Amino acid sequence: MRVTLTGLGHRFAGQPWLFRGLDALLRPGEVTALTGPSGSGKSTLLNLIAGWADPAEGIVVREGVDRIGWVFQNPFGPPRRTALDLVAYPLLARGTPRATAAEEALGTLDRFGLAALADREFRSLSGGEAQRLMLARAIAAGPELLLIDEPTAQLDPVTADTVNAVIGRLAEQRTIIVIATHDPRTRDACTAHVDLGERVAGDRAERVRVDARP
Ligand SMILES: Nc1ncnc2c1ncn2[C@@H]1O[C@H](COP(=O)(O)OP(=O)(O)OP(=O)(O)O)[C@@H](O)[C@H]1O
């Protein structure tokens, strides 16, 4: 299972190149930070990786990727559902028996520091707790590819750090994880890094820097 980006470049019609010449190998077991200034194309690149849009040049190859999960910056969920229900649901949907799903969901909540909140309704959670719950739910769903867009953007720095503290726990041997972020502490919690670089005179061609191991 892997996602390979080769000579990837993108621009919207009539706009300058956002990035060009991006080569990267995204693998399970790693959590790759995707960084760059506002407007550098991070969300666009997530869409290209997911196959939601076609690149202007270069190729994206997804091997062994069937299910793709997303977590966005605004945690959103049914207000009266409990944290345990929300994490158990994707397991039940995959046919896991109820008792096993509840046990696995509790284990996943524990991994994200949420075990004590298992019976709390979603609407009663703080922003940081709700975002950690969205990460726990996304992991429980077991996607081969998990794309996370600015998970701390709506949070104050202290709350953001409660989310950053669990980023390292996302790593899964069965899941390729990419996180677009402005937050240097989110980046530092990741295990690999793709940087879309600085905007220069409206054209950042060839300025993509990739730290991810080949
Ligand atoms: N469908 C579109 N058509 C034209 N331009 C677009 C489209 N989608 C995004 N853009 C532009 O492309 C640039 C990159 O947008 P993108 O959202 O990928 O950047 P980003 O790095 O994720 O930014 P931020 O950190 O602010 O979320 C922006 O200037 C944006 O306005």
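First listed ligand is number 1; within each ligand, the first listed atom is number 1. Keep in mind the model is a prediction, meaning the values are calculated, not measured.
Among residues at least two apart or in separate chains, salt bridge (charged side-chain N to carboxylate O under 4.0 Å, His left out) pairs with a member in residues 130-150 are Arg67-Glu144. Every pair tested for salt bridge (charged side-chain N to carboxylate O under 4.0 Å, His left out) that includes a residue from residues 73-87 fails, sequence neighbours excluded, so the list is empty.
Ion pairing between Arg98 and Glu104 fails under the 4.0 Å rule for side-chain N and carboxylate O.
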Evaluate the ring pair (Phe, Tyr, Trp, His ring centres under 6.0 Å) criterion for residues Phe72 and Trp70: first the C-alpha distance (whole Å), next the side-chain angles of each, then the deciding distance (0.1 Å), finally the verdict. CA-CA 6 Å; Phe72 298 102; Trp70 284 85; 5.3 Å; yes

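At a heavy-atom distance under 4.0 Å, no atom of Leu196 approaches ligand 1. Of the heavy atoms in Pro37, only backbone atoms (N, CA, C, O) come closer than 4.0 Å to ligand 1. Counting heavy atoms under 4.0 Å from ligand 1, residue Glu150 touches it through the side chain alone.
When the options Ser43, Pro16, Gly41 are ranked by their closest heavy atom to atom 22 (O) of ligand 1, first place goes to Ser43.
Using a 4.0 Å cutoff on heavy atoms, His182 counts as a contact of ligand 1. The closest approach between Gly39 and ligand 1 falls below 4.0 Å for a heavy atom of the residue.
Residue Ser40 approaches ligand 1 through these ligand atoms, each under 4.0 Å from one of its heavy atoms: 19 (O), 21 (O). Atoms of ligand 1 lying under 4.0 Å from any heavy atom of Thr44, numbered from 1 in the order shown and given with element: 15 (O), 16 (P), 18 (O).
Of the residues listed (Leu26, Leu145, Ile176), the one engaging Met1 in a side-chain contact (heavy atoms from CB on, under 4.5 Å) is Ile176, and it is the only one.
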